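Written below as C-alpha cells is the structure these notes are about.
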Amino acid sequence: MKTKTKRKSWRKPNDLMGLAPAEYDLACDIMGREPTYTELGIFSVMWSEHCSYKSSKKWLKTLPTKARWVICGPGENAGVIDIGDGDACIFKIESHNHPSYIEPYQGAATGVGGILRDVFTMGARPIANLNALRFGDPSHPKTRRLVAGVVAGIGGYGNCVGVPTVGGETNFHASYNGNCLVNAMTVGVARKDKIFYSAAAGAGNPVVYVGAKTGRDGIHGATMASAEFDDNSEEKRPTVQVGDPFVEKLLIEACLELMATDAIVAIQDMGAAGLTSSSVEMAGKGGLGIDLDLDNVPARETGMTSYEMMLSESQERMLIILKPDRIKVAEKIFAKYELDCATIGHLTKTGRLVVRKNGKVDADMPIAPMVQASPEYSRPWKPTKKRKPVDAAKLPKHDPARVLQELMGCPDLASRRWIWEQYDHLVRGHTLQRPGGDAAIVGLPGRRKALAMCVDSTPRYVHADPETGGAQAVVETWRNLTAVGAKPLAITDNMNFGNPQRPEIMGQFVGAIKGMRKACKALSYPVVSGNVSLYNETNGQAILPTPTIGGVGILKDASKSANLALKDAGDTIVLVGATKGWLGSSLYLREMEGREEGAPPPVDLKAEKRNGDFVRGLIVKGQVNSCHDLADGGLLVGLAEMALAGRKGAELSPPRTDNAYLFGEDQARYVVTTKNAKRLLAAAKKAKVPAMAIGTVSGHLELTLHDGVRISVDGLRKAHEGWLPAYMSQKN
Amino acid sequence: MKAKIHVTLKNGVLDVQGKAVAAGLASLGFAGIGDVRVGRFVEIELSAKDRASAEASVKQMCEKLLANTVIENYRIEIAE
Amino acid sequence: MKAKIHVTLKNGVLDVQGKAVAAGLASLGFAGIGDVRVGRFVEIELSAKDRASAEASVKQMCEKLLANTVIENYRIEIAE
Amino acid sequence: MKAAIVVFPGSNRENDAADALERASGKRPALVWHKDTELPSKLDLILLPGGFSYGDYLRCGAMAARSPIMREVIARADKGTAVVGVCNGFQILCEAGLLPGVLLSNAGLKFICRDVHLKVANSQTMFTNRYSNGEVIRFPVAHHDGNYFADADTLKRIEDGDQVAFRYCTPEGETVAAGNPNGSIANIAGVFNATKTVMGLMPHPENATDPATAGPLGGSLDGKPMFDAIVDALAK
Ligand SMILES: Nc1ncnc2c1ncn2[C@@H]1O[C@H](COP(=O)(O)OP(=O)(O)O)[C@@H](O)[C@H]1O
Ligand SMILES: [Mg+2]
C-alpha cells in the first residue's frame with residue numbers, strides 16, 4: 001500500500017475508529033482526501049473483521065461450495081439448495097457471542113432475530129430454528145446467569161415469532177468463562193423460482209426502508225469511546241440492542257406478502273452495520289450508486305446524526321429496492337401490519353454512496369473501490385502440535401457402571417430438556433422429530449418429504465487437532481442426519497475462534513478449514529453459507545476453537561425416518577462401524593481422569609461414507625427399528641441414551657468390556673436395532689461395513705453386560721435428567 | 001420497613017412494551033398520547049435496623065437481582 | 001402532562017413473580033425479607049388541558065387497558 | 001359447518017388450527033385478519049388461535065381483547081355462536097370477559113413446551129362429547145402464562161356450573177401438583193362459559209391431530225375427537 005494522500009496530524013491512531021493506520025491511509029487514497037467523520041465510520045464498519053472477513057476470507061475461499069443441488073452458495077444473505085418439486089431450502093447460522101455475554105437475554109434474542117432476517121430476506125418462510133451454545137465451567141460465577149438469560153432470550157424471541165426451535169447443542173468448558181458462544185441457525189423454505197437476492201438493479205429505482213424505527217442501538221462501540229463524543233456522552237453512549245419479536249413476526253408476514261407480488265427488485269436485511277452495509281452491499285453487487293436522504297429515515301429518537309443513522313444496529317429493519325410504480329403496493333402491505341415504510345433514496349449510475357441529512361452531504365464515497373479494497377490478510381499461522389494417542393492400557397480401571405452413571409450426568413452429556421422445554425418446538429405443527437434425537441425432522445406442508453437438521457461441533461477435538469476436529473464436526477452432522485434416515489445435503493458453518501493475530505489461533509482456524517474441506521469433499525456435502533466470529537478471548541485466554549456446523553438433509557418420505565428410542569424387547573442390537581477403543585481427547589478421559597489430552601479419534605472419511613450410506617439404506621428400507629450414532633461417551637453412553645428414550649433395557653454381550661471399548665469415541669459408528677439380524681449382517685458384509693450383534697433389547701429397565709455388570713435405567717435417568725435442572729435451581 | 005423500587009429502562013433503550021401500549025391506547029381512541037414507558041414496581045417488606053442500612057441492602061438487591069443494570073435504572077424509596 | 005400509574009395485584013391474588021423474587025433474594029443471602037410484591041409502572045406523556053381532565057382520561061385508560069381490574073388495582077399520579 | 005379463525009398481529013398458531021379443522025371437516029376455515037371488523041356472516045364457529053397477539057406486551061391477550069373485531073366476536077358469542085380460544089386465544093377470551101378467571105405467569109416463571117396429561121372434566125358439551133368423563137388424554141402445552149386463577153367465588157361458580165373442561169393430571173390421571181405444569185388453581189386447564197358455547201384452554205389440541213407426528217415419533221392424536229365433535233355438532 002502506498003500513500004498518496006497526506007493525512008492530517010490530528011487523526012491519531014485512536015481516532016481511526018478501529019482502522020489500522022495503513023487502512024486509514026488506504027481510505028484516504030480512495031477518497032482522494034481525508035474522510036469525513038461519517039465516511040470514516042462507514043469505512044471502519046465496512047472494513048471491520050465482522051463485515052470484511054479480512055482474516056478469514058483467504059481460507060473460506062478454499063471450502064467446497066458447489067454441488068448439483070446448490071442454488072446459491074456463500075456470498076448472499078443465506079445459502080440456497082434445491083430440495084426437489086420446485087422447492088428450495090434456505091439456511092444459515094450466525095453468531096451473537098459478544099452481545100450475549102454483555103446482556104444474555106437481549107443478546108441471544110437479537111441473534112435469533114438477525115438470523116431469521118437473513119433467511120426470510122431471500123424469500124423463505126422460516127420453518128425451524130436451531131442454536132449451538134457454549135458456556136464456561138458450571139462452577140464459574142457467571143455461567144448460570146448466562147445460561148438462564150441466553151436460553152430465555154432464544155425462547156423469548158423464537159416462541160413469539162412462531163418459528164419452532166427444534167434443535168441445538170450446549171457445552172460447558174472453562175475456556176468459555178469469559179466468552180460464551182451463541183450461534184443461531186434458521187432454516188426456511190421457498191419456491192425455487194421465487195428467491196430474492198440482494199444485488200440492486202435499475203438506476204433511479206427507489207430505495208425503501210421498512211420495519212422498525214432507527215434508534216441509537218449498538219452503534220459501533222469502539223468508535224463511541226473515542227474522544228470526539230466527550231460532551232453529552234451519556235446520551236450518545238452505545239445502547240444494547242433490544243429485540244422486538246412481535247415486530248419481527250409482522251415483518252416476516254409483510255415481507256412474504258410483498259414477495260408474492262412482483263414489486264421487489266432486491267432486498268436485504270439490515271444486520272451488522274445496519275444501513276451502511278445493506279446499502280453498500282446492495283449497490284456494490286449491482287455496480288450502482290446509491291443516494292440516501294436520511295431525513296426520511298424513520299427515527300425513534302431525535303437529533304440523530306448521519307453517523308449514528310448509518311451505523312445504528314436497531315433491529316427488525318429491511319432495505320428494499322422496489323420497482324418505481326410499485327411503491328403503493330408496498331406501502332399498503334406495510335400499513336396493514338402497522339410497520340414503517342419510507343422511501344429514503346434512490347439508485348444512481350454514479351457508483352457512489354451519497355448520504356444527505358438536513359440538506360447537507362455528510363458522505364460521498366466511491367462504492368466499488370471501497371468494497372474491492374476491503375483488506376484481505378494472509379495472517380501468519382502456526383500449525384498445532386500433534387498430540388500422541390493415549391494408551392488406554394496405562395489408565396486406571398473403573399467400574400463401567402459407575403463410569404456410565406457419571407458420564408450420563410456430567411454437564412456435557414446431561415439431558416438438555418430444561419433448555420428445549422423453554423423453546424416452543426411444536427408451533428406450525430410440522431415438527432416430526434422433536435428435540436432430544438440425533439437430528440430434528442420438520443415436515444413440509446402438503447409434501448411427502450421432510451427436512452432434517454442439526455448443529456454440531458466437538459471443540460475439544462479441534463483444540464487437540466484442528467484438522468481432524470474440523471473434519472469431525474462436519475461428519476458428525478452428516479452422521480446425525482443419516483441416523484434419522486435423511487440424505488445430508490449441505491452445511492452452514494460458524495467459525496468461532498480467538499484472536500487471529502496470534503499465529504497459534506490462526507493455525508487452529510486454518511487447520512479446521514482444511515479438515516472441513518476434506519470432509520465436505522468426501523461426503524459431497526458443500527458449504528452454502530456461514531459466519532465467522534473471531535477475537536473470542538478474554539485476557540489472552542482464547543476459547544476452544546469452535547467451528548459449529550449446521551447440517552441440512554432431506555427425507556424423501558417423511559414416514560421413513562428412524563429415531564433412537566429402543567422399541568421392542570427381543571430386537572437384536574447391532575453395532576455398525578469398527579471399534580478400537582479410542583480414548584484420546586474423550587469425555588471419559590476428561591470426566592474420569594481430569595485429563596484433556598491425547599490425539600482425538602481419527603476420522604476415516606471413506607468409512608464414514610460407507611457406513612453411513614449403509615445405515616441410511618437400512619432405514620429407508622424399513623429394516624431397523626431404531627438408530628443412533630455414537631459420539632461423546634462412546635458405545636455404552638449411546639446405548640444408555642437409546643434405553644432412556646425407549647424406556648427399555650438391554651442385555652449386552654460386546655466382544656470386549658474394557659472401558660476403552662465401552663467408552664472410546666471411535667468415529668463412523670452407529671447402533672441399530674432390528675428384528676432380522678441375519679439379513680442385516682449379511683447385507684453389511686456385502687457392503688464391506690463392519691457390523692456385529694452385541695445384544696438384545698429387553699423389557700427390564702436394566703443394562704446388563706455378560707460379565708455380570710448391571711446398570712439401572714432409572715438410575716441413569718435420574719443422573720441424566722437431574723443435573724441441569726438441579727444446577728439451574730441453585731442461586732449465586 | 002418497606003422498600004419501594006422503580007425499575008425503568010435506560011434512555012435510548014427500545015421499550016417494546018411502551019410502544020405497544022401507546023399503540024393500543026391510540027387504537028382505543030385516546031388522543032394526545034406521547035411517549036409511554038413501562039417499567040416494574042417492586043415492594044419489599046424488610047427488617048432492617050435503620051433507614052440507611054435498609055437502603056444499602058436494597059441497593060445490593062437491585063444490583064444483584066431486581067434490575068438488569070445493563071439496560072435498566074432503578075430508584076429506591078424507603079418507607080417506615 | 002405526565003401520568004404515573006402503578007398497577008399492582010389485588011390482595012389474595014397469587015403473586016408469582018413476587019414469590020420468585022423473595023425466594024431469589026433469600027438464596028442470595030439477604031435476610032429479613034418479608035412479603036415481596038411485583039407490579040407494573042407505566043409513565044404516559046399526554047396533552048390534556050388540565051389536571052382533572054388528564055386524571056379522568058388516565059382513569060379510563062386504566063379501566064380499559066392498563067389494568068385487569070379483576071385482579072389488579074391501580075393508582076394514578078399526575079405530574080405537570 | 002362454517003368456521004373462521006381470527007388472526008391478530010402476533011398470532012402464530014392460526015395455521016395449526018386451520019389444519020386441524022380441515023383434517024376434521026375436509027374444509028379449510030377462513031382466516032380473518034383482525035382489522036376486518038366484519039366477520040363472515042352465518043358463522044358456526046369462531047376460533048381464536050395461539051400466539052403472542054400484540055407481542056403479549058402489557059398482559060397476555062389484553063390488547064387483542066380490546067380490538068374492534070372482538071366486539072363482533074362478543075356479539076356473536078352472545079347470540080350463541082360457538083367460540084373456542086386456544087392458549088393465547090384463551091387468554092384473550094378471559095381478558096374480554098367471555099370466560100371467567102385470568103391466566104397468570106407460570107408458577108416456574110418459564111415458558112413450557114411439552115406434552116401434558118389432561119383429565120376430561122365435563123364431556124357433556126359440544127366440544128368434548130367424544131371424550132368420556134375422567135378420560136385421560138395428552139396434548140402439548142406451549143406457554144409462559146397459563147397459570148389459571150379465579151377468586152374463591154368465581155371458582156365456586158365455575159365448579160358448581162360444571163364449567164371446568166379439562167384438568168391437568170399425571171399420566172395415571174391424578175389431578176395433583178405433580179401433574180400441574182404451571183400452578184393453575186384446581187389444576188384447571190380449560191373452562192367453558194355458563195352456557196357451554198364458549199371454551200378456552202391452554203393446551204394445544206390442534207397440535208395433537210396430525211398422524212404424521214404420531215406413532216413412533218411420539219406425538220398425540222388425542223385432539224382429534226375434539227375437532228370431530230365440533231365438526232359433528234356444527235354440521236347439523
Ligand atoms: N465460515 C463461513 N463459511 C462459508 N461462508 C461464510 C462463512 N462466513 C461467512 N460466510 C458467508 O459470507 C457472507 C457474509 O456473511 P455475514 O456477514 O454473516 O452475512 P450477513 O451480513 O447477511 O449477516 C454470507 O454469504 C455468508 O454465508
Ligand atoms: Mg444478511
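Lettering follows sequence order; numbering is per chain, from 1. As the structure is a prediction and not an experimental result, all values here were calculated from the model.
Looking at D:Asn15, neither its backbone nor its side chain comes within 4.5 Å of chain A, counting heavy atoms on both sides. Both the backbone and the side chain of A:Leu426 come within contact range of chain D, each with at least one heavy atom under 4.5 Å from a heavy atom of that chain. Proximity to chain A (any heavy atom under 4.5 Å) is restricted, for D:Tyr57, to the side chain, taken from C-beta onward. Only the backbone of A:Val161 comes within contact range of chain D, with at least one heavy atom under 4.5 Å from a heavy atom of that chain. A:Asp424 touches chain D through backbone and side chain together, each having a heavy atom under 4.5 Å away. For a residue to count as touching a neighbouring chain, one of its non-hydrogen atoms must lie under 4.5 Å from one of that chain's; by this rule A:Ser561 touches chain D with the side chain only.
Listed by chain and residue number, nothing satisfies the salt bridge (Lys or Arg N to Asp or Glu O under 4.0 Å) test with A:Arg416 (two or more places apart in sequence, or in another chain). Residues satisfying the side-chain contact (heavy atoms from CB on, under 4.5 Å) test with A:Lys336, not counting sequence neighbours, are A:Glu257, D:Trp33.
Of all non-hydrogen atoms in D:Asn187 and D:Gly179, the two that sit nearest each other are ND2-C, 4.5 Å.
Between chain D and the residues A:Glu421, A:Glu253, A:Gln433, A:Glu248, the largest count of heavy-atom pairs under 4.5 Å involves A:Glu421. Between chain D and the residues A:Glu338, A:Arg417, A:Lys567, the largest count of heavy-atom pairs under 4.5 Å involves A:Glu338. Residue with the most contacts toward chain D among A:Cys160, A:Gly429, A:Pro445: A:Cys160 (heavy-atom pairs, distance under 4.5 Å).
Going from atom CG of D:Asn147 over to atom CD1 of D:Ile185 covers 9.0 Å, rounded to the nearest 0.5 Å. Atom CZ of D:Arg28 sits about 9.0 Å away from atom CG of D:Leu21, to the nearest 0.5 Å.
The pair D:Asp115-A:Arg434 meets the salt-bridge criterion, since a charged nitrogen lies less than 4.0 angstrom from a carboxylate oxygen. Salt-bridge check for D:Asp232 with D:Arg130: passed, with a basic side-chain N closer than 4.0 Å to an acidic carboxylate O. Taking the charged nitrogens against the carboxylate oxygens, A:Arg428 and D:Asp16 have no contact shorter than 4.0 Å, which rules out a salt bridge. Between D:Asp145 and D:Arg59 no salt bridge is recorded (no basic side-chain N to carboxylate O distance below 4.0 Å). Electrostatic pairing of A:Asp568 and A:Lys648 does not count as a salt bridge here, judged by no charged N lying under 4.0 Å from a carboxylate O.
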>> With side chain to side chain contact (heavy atoms under 4.5 Å, CB included) as the criterion, how do D:Leu221 and D:Thr209 come out once you've worked through the C-alpha distance, each side chain's angles and the decisive distance to 0.1 Å?
In response: CA-CA 5 Å; D:Leu221 292 176; D:Thr209 59; 5.5 Å; no
> Can you check side chain to side chain donor-acceptor pair (under 3.5 Å) on A:Asn625 and A:Thr673, steps first, answer last?
Replying inline: CA-CA 5 Å; A:Asn625 241 351; A:Thr673 63; 5.2 Å; no
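Not a single donor-acceptor pair under 3.5 Å links the side chain of A:Asn129 to the backbone N or O of A:Pro164.
Using a 4.5 Å heavy-atom cut-off against chain A, the contacting residues of residues 1-11 of chain D are D:Pro9, D:Gly10, D:Ser11. Of all residues in residues 90-98 of chain D, none places a non-hydrogen atom less than 4.5 angstrom from a non-hydrogen atom of chain A.
Geometrically, A:Arg125 does not engage A:Phe120 in a cation-pi contact, judged by NZ or CZ lying under 6.0 Å from the ring centre and within 45° of the ring axis.
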